[in-house]
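Everything below concerns the one structure shown next.
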Amino acid sequence: MLVKTKYFGEVDLPEEKIVTLERGVIGYDDYKKYTILYDSEKEESNIAWFQSVDDSAFALPIINPTLIKEDYNPQVEEELLKDLGELTDENLVVFLVMTVPEDLKQMSVNLMAPIIINADTRKGAQVIVENPEYEIKYKIYDILSAKKEQE
């Protein structure tokens with residue numbers, strides 16, 4: 001399937017690389033199909049793009065939450081996840097949406113609204129977690145800088 005993307009031009013994707021979010025992402029309910037694109041050939045890149053297949057101009061930067069907050073453990077109402085199929089440690093994939101302003105020191109992630117994906121069914125949902133301690137704009141510049149120095 002040939003998909004137009006915001007940052008990578010046209011990309012030929014196999015059907016198994018498409019993730020469906022029946023409710024879309026928050027604020028963009030009409031966009032249901034997405035793919036995950038990495039800046040490098042390796043899928044180990046820290047930051048990826050959650051690219052809409054429905055609208056080539058819509059792509060969100062995302063990151064694995066354990067890179068930011070090792071103890072990240074979102075509490076989610078089971079009803080919100082039932083359409084994804086049975087979630088296990090092996091098929092559960094979680095991403096946080098990033099905000100990357102001009103001033104990179106203000107870069108943040110939304111700990112309150114992760115994107116949760118069942119890798120087996122390729123179904124996902126962006127949900128609001130029940131953890132009151134999680135922030136909507138959790139600053140990450142210093143965390144990422146420290147990790148980069150360790151490498």
Side-chain angles (χ1 to χ4, degrees), residues 3 5-7 13 15-39 42-151:
V3 175
T5 69
K6 184 171 184 174
Y7 298 109
L13 292 171
E15 192 66 34
E16 61 267 12
K17 294 286 185 181
I18 306 295
V19 176
T20 302
L21 279 70
E22 291 300 330
R23 296 185 305 268
V25 295
I26 297 169
Y28 296 89
D29 303 351
D30 292 340
Y31 304 157
K32 310 279 189 208
K33 298 204 175 285
Y34 292 85
T35 192
I36 298 166
L37 299 173
Y38 294 87
D39 283 334
K42 297 181 279 181
E43 290 192 4
E44 299 147 17
S45 178
N46 290 343
I47 298 171
W49 293 94
F50 201 58
Q51 172 67 55
S52 169
V53 174
D54 301 316
D55 182 349
S56 62
F58 185 69
L60 298 169
I62 56 174
I63 192 165
N64 180 326
T66 59
L67 294 171
I68 303 302
K69 194 165 180 47
E70 289 180 18
D71 63 347
Y72 186 69
N73 186 21
Q75 303 302 309
V76 179
E77 189 179 314
E78 283 188 38
E79 182 71 19
L80 297 174
L81 301 176
K82 71 174 186 178
D83 294 340
L84 306 186
E86 184 180 343
L87 290 168
T88 65
D89 288 343
E90 290 76 33
N91 69 11
L92 176 67
V93 181
V94 179
F95 289 106
L96 298 175
V97 176
M98 300 176 64
T99 300
V100 185
E102 238 178 86
D103 179 1
L104 292 180
K105 292 186 177 185
Q106 298 304 310
M107 189 174 5
S108 64
V109 292
N110 185 342
L111 296 175
M112 286 290 292
I115 295 171
I116 298 176
I117 299 169
N118 180 328
D120 292 339
T121 63
R122 296 187 318 273
K123 292 183 178 181
Q126 186 176 28
V127 296
I128 304 297
V129 301
E130 297 176 0
N131 307 66
E133 72 275 17
Y134 287 166
E135 300 172 38
I136 293 172
K137 288 193 173 273
Y138 183 73
K139 300 283 197 277
I140 62 170
Y141 180 82
D142 291 338
I143 296 168
L144 291 178
S145 295
K147 283 196 180 287
K148 192 168 188 169
E149 283 180 22
Q150 287 175 355
E151 293 173 3

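Below, all heavy atoms of this structure are taken into account, side chains as well, without hydrogens, waters or symmetry copies.
- Residues meeting the ring pair (Phe, Tyr, Trp, His ring centres under 6.0 Å) test with Tyr141, sequence neighbours left out: none.
- More than 12 heavy atoms of other residues, nucleotides or ligands shown are found within 6.0 angstrom of NZ on Lys6.
- Taking NZ of Lys69 as the start and OH of Tyr134 as the end, the distance is 6.0 Å to the nearest 0.5 Å.
- Under a 3.5 Å cut-off, the side chain of Gln75 and the backbone N or O of Glu130 do not form any donor-acceptor pair.
- Heavy-atom minimum distance, Ile128 versus Leu80: O-CD1, 4.3 Å.
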- Item | Test log, rule side chain to side chain contact (heavy atoms under 4.5 Å, CB included), inputs Leu96 and Met98 | CA-CA 6 Å; Leu96 298 175; Met98 300 176 64; 5.9 Å; no
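- Classified by interplanar angle (parallel below 30°, tilted 30° to 60°, perpendicular above 60°), the ring pair Tyr34/Phe58 is perpendicular.
- Between Val3 and Ser56 the shortest side-chain heavy-atom distance does not fall below 4.5 Å.
- Using a 4.5 Å heavy-atom cutoff, the side chains of Met107 and Val100 are in contact.
- With hydrogens and angles left out, the side-chain atoms of Ser108 and Lys139 include no donor and acceptor closer than 3.5 Å.
- Atoms OG1 and CG, on Thr20 and Asn118 in that order, are 11.5 Å from each other to the nearest 0.5 Å.
- Rounding to the nearest 0.5 Å places NZ of Lys123 at 8.0 Å from CG of Leu84.
- To the nearest 0.5 Å, atom OH of residue Tyr31 and atom CG of residue Asp54 are 8.0 Å apart.
- When all heavy atoms of Tyr72 and Leu111 are compared, the pair lying nearest together is OH-O, 2.8 Å.
- The minimum heavy-atom distance linking Ile47 with Pro61 is given by the pair CG2-CB, 4.4 Å.
- Separation of atoms CZ (Phe95) and CG (Asn110) is listed at 15.5 Å; rounding is to 0.5 Å.
- Contact record, Leu87 with Leu81: CD1-CD1, 4.0 Å, taken as the closest heavy-atom pair.
- Using a 4.0 Å cut-off between charged nitrogen and carboxylate oxygen, Asp30 and Lys32 do not count as a salt-bridge pair.
- Annotation: side chain of Leu144 is in contact with side chain of Ile68 (closest heavy-atom distance under 4.5 Å).
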- Start with the C-alpha distance between Ile36 and Ile117, add both sets of side-chain angles, then the distance that settles side chain to side chain contact (heavy atoms under 4.5 Å, CB included), and finish with yes or no. CA-CA 11 Å; Ile36 298 166; Ile117 299 169; 4.0 Å; yes
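- More than 12 heavy-atom neighbours from other residues, nucleotides or ligands sit within 6.0 angstrom of NZ on Lys147.
- When atom types are taken as modelled, the side chain of Asn131 and the backbone of Glu133 share no donor-acceptor pair closer than 3.5 angstrom.
- Of all non-hydrogen atoms in Pro101 and Thr99, the two that sit nearest each other are CD-O, 3.4 Å.
- For residues 78-102, the salt bridge (Lys or Arg N to Asp or Glu O under 4.0 Å) pairs, not counting sequence neighbours, are Glu79-Lys82.
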- Verdict with reasoning, Thr35 to Thr5, per side chain to side chain contact (heavy atoms under 4.5 Å, CB included): CA-CA 10 Å; Thr35 192; Thr5 69; 5.7 Å; no
- Message: Before you tell me yes or no, could you show the steps for Leu37 and Tyr7 under side chain to side chain contact (heavy atoms under 4.5 Å, CB included), namely the whole-Å CA-CA distance, both residues' side-chain angles and the distance that decides it to 0.1 Å?
- Response: CA-CA 9 Å; Leu37 299 173; Tyr7 298 109; over 6 Å; no
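- The two atoms that bring Val19 and Gly124 nearest to each other are CG1-N, 4.0 Å, heavy atoms only.
- Expressed to the nearest 0.5 Å, how far CG of Asn91 lies from CZ of Arg122 amounts to 12.5 Å.
- In this structure, Ile136 places its CD1 atom where only 12 or fewer heavy-atom neighbours from other residues, nucleotides or ligands lie under 6.0 Å away.
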